[in-house]
Each structure stands twice: as structure tokens, then as C-alpha cells.
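Report on the structure given below.
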Amino acid sequence: MQPKNAFEIFQLLEKSNCGNCDEKTCLAFAGAVFKGQRRLNECPRLDRRVIERYSGDSGLSNALGAEGVAHVEKLKIAAAAMDLSRAAERIGAWFSIEKLTLKVLGKDFGIDSCGHLHADIHVNPWVAIPFLTYILYGKGQAPSGRWVSFRELKDGRERYPLFRKRCEDPLKQVADAYTPLFDDMVHLFGGKKVDRQFESDISVVLHPLPRVPIMVCYWLPAEGMQSSLNVFFDDTADANLDIGSVFSLGAGLAQMFTKITLRHGFSTETGAS
Ligand code: SF4
């Protein structure tokens, strides 16, 4: 379902102006959602069912708003104007019948020379924008195998608190509440469990883009210590994507896994099913 204007979004909100979304008022938040600058699920006080109804499977245009769609259209036009065959060689994709295709979390995702997107998975902004940015600007640098945190990437330090809030914290909540999370990462999204890294209990590597792997490490609660979760990137990630797109990949993953958890009837608020 797509809200027709900012006021319709405002009507869904608590109207407490609590500021937990980092906006001064609910109205400002509603306006930002309508413009595609914020997502509805960034209001922690909003009922999950409302979020699902308004942004669940609403598609690219609903999720992005008019400005966001215009931005994606610009990227698509620029990508379609490139030599996609050469771009495919540079970034670890393949080119066939006027179409560049690569694997996003183990699923085919492509763009043709007319700028149309082709995907085996739901096309949402967290995939579309980094995918197009990767084609346009990615250096195609091969991963080095050296894992670093988001804040160690170029321009990552300033944005790390928000990354923690939008990616690592919600993923930890999912992992705490929904134990098959890491199996889903492996079986549904082409991930791979790897040897324990940084003394974590579980480490899984995912490939949201071919040369931009992400490693999720989870530490179980132990001896009075709470569980914890960190997301790591290869230290070449900032050569293949700008920091905004790296952020979008992380936040998108968290959003996707939260949705899966909700679909299985688990609540990340209480940890109970
Ligand atoms: S977190 Fe939700 S309720 Fe609080 S100010 Fe933001 S939009 Fe309003």
C-alpha cells in the first residue's frame, strides 16, 4: 500500500515527537519518508504490522518515494549508456544478449542495455542503488581477505553510529530471537559459514555483490556477558562502492532478515515467538 502524501504517513505515527528516529517531530519524519529520504521502519514506535502493510512488498517506487525513484532512474540511464560488456569484466559480472548479470546473495540480478533491471529477487532500493553504483563506479578490486569494521572504511567513522543502529543492532536482535538466522543466511542467500573469526561463536560470509563480501560475526551470551554481533567488510569495499552504498547494503540486509524473522512469527522486541 502506498501513502498518497506526507499527511497520510503522519496519521500512522504515534505523534509523540519522541525523537527516537533522530527527527525533531513526527511530522518531519513523515515528510522525510514521503520524499524517500527515510524509511517507515525507522520509527521504532510504529507497529510492525503497519510497517509491513505500508512498506512490506510495496515495490521500488513505494519504498523510495518520487526523489528516490528519480535517482534510480538516473543511475539506470547512466549504466545503460556504458559499455556493459567491459563493465562486466571489471566488476566480476557476465555479459550475454545485451545484458550484464551478477550474483546478489546467490541470485541473478542484471541490467540490459535499455536500462531495465532483471532480478530473481525482489528489487528494492537497498539492492538497486548499490548494484547500479557498483556497475558505474566500482573499481572491481578483488577482495584482499582483510576484514575491517564499517568505521575503518573511507568516510565510515562519522556514519558508524548510524550504521550500528540500522544494521548491527537490528541484526543482533534477530540473531538473539531467531536462532535459524545463520542457517537462512547460508541456505537461502548463498552464504558460507567460515572458521570462527575474532573469537566469535559463529561467522558467516555473504556476497551481496561479487567483490563486496560481508562477514557477520556473532558472540553468544556467556558468563554474565550479553551476546554481541558485528559486521565486517573486506578492506577493499570502499574501492568498489561509496560509503553510502556500503551503508545501504548493511541496513538492507538487516531489514531483510528482520522481515524474515517476523514472517516466522518471532518478535525481535521480546525474543519470544
Ligand atoms: S520515533 Fe516515531 S514517534 Fe518518535 S518522533 Fe520519530 S516518528 Fe515520531
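Whatever order the structure lists ligands and atoms in, that order sets their numbers, starting from 1.
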Legend entry - Worked verdict on F189 versus F257 for side-chain contact (heavy atoms from CB on, under 4.5 Å): CA-CA 11 Å; F189 300 105; F257 286 115; 3.6 Å; yes
Legend entry - atom 2 (Fe) of ligand 1 to nearest N/O/S of C43 below 2.8 Å: yes
Legend entry - Evaluation steps, side-chain contact (heavy atoms from CB on, under 4.5 Å), between V231 and F163: CA-CA 10 Å; V231 172; F163 181 79; 4.2 Å; yes
Using a 4.0 Å cut-off to any heavy atom of [X], which atoms of ligand 1 qualify?
X	value
F29	7 (S)
P44	1 (S)
S16	3 (S)

Inset, instruction - Scan D234, V212, V246 and name whichever one has a side-chain contact (heavy atoms from CB on, under 4.5 Å) with N240. - result: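 The side-chain contact (heavy atoms from CB on, under 4.5 Å) with N240 is passed solely by V212 among D234, V212, V246.
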What's the shortest distance from [atom] to any protein heavy atom, and which residue and atom give it?
atom	value
atom 8 (Fe) of ligand 1	C26 SG, 2.2 Å
atom 6 (Fe) of ligand 1	C21 SG, 2.3 Å
atom 4 (Fe) of ligand 1	C18 SG, 2.3 Å

Legend entry - Heavy-atom side-chain contact between M82 and I135 under 4.5 Å: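 The answer is yes; the side chains approach within 4.5 Å.
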Inset, instruction - Would you kindly say whether D176 and Y218 are connected by a side-chain donor-acceptor distance under 3.5 Å? - result: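 Per modelled atom types, D176 and Y218 side chains form a pair under 3.5 Å.
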Legend entry - Partner of Y160 by side-chain hydrogen bond (donor to acceptor under 3.5 Å, both in side chains), out of R164, E158, R157: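 Only match with Y160 under side-chain hydrogen bond (donor to acceptor under 3.5 Å, both in side chains): R164.
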Inset, instruction - May I ask you to identify, for N17, whether its side chain, its backbone, both or neither come under 4.0 Å of ligand 1 on a heavy-atom basis? - result: backbone
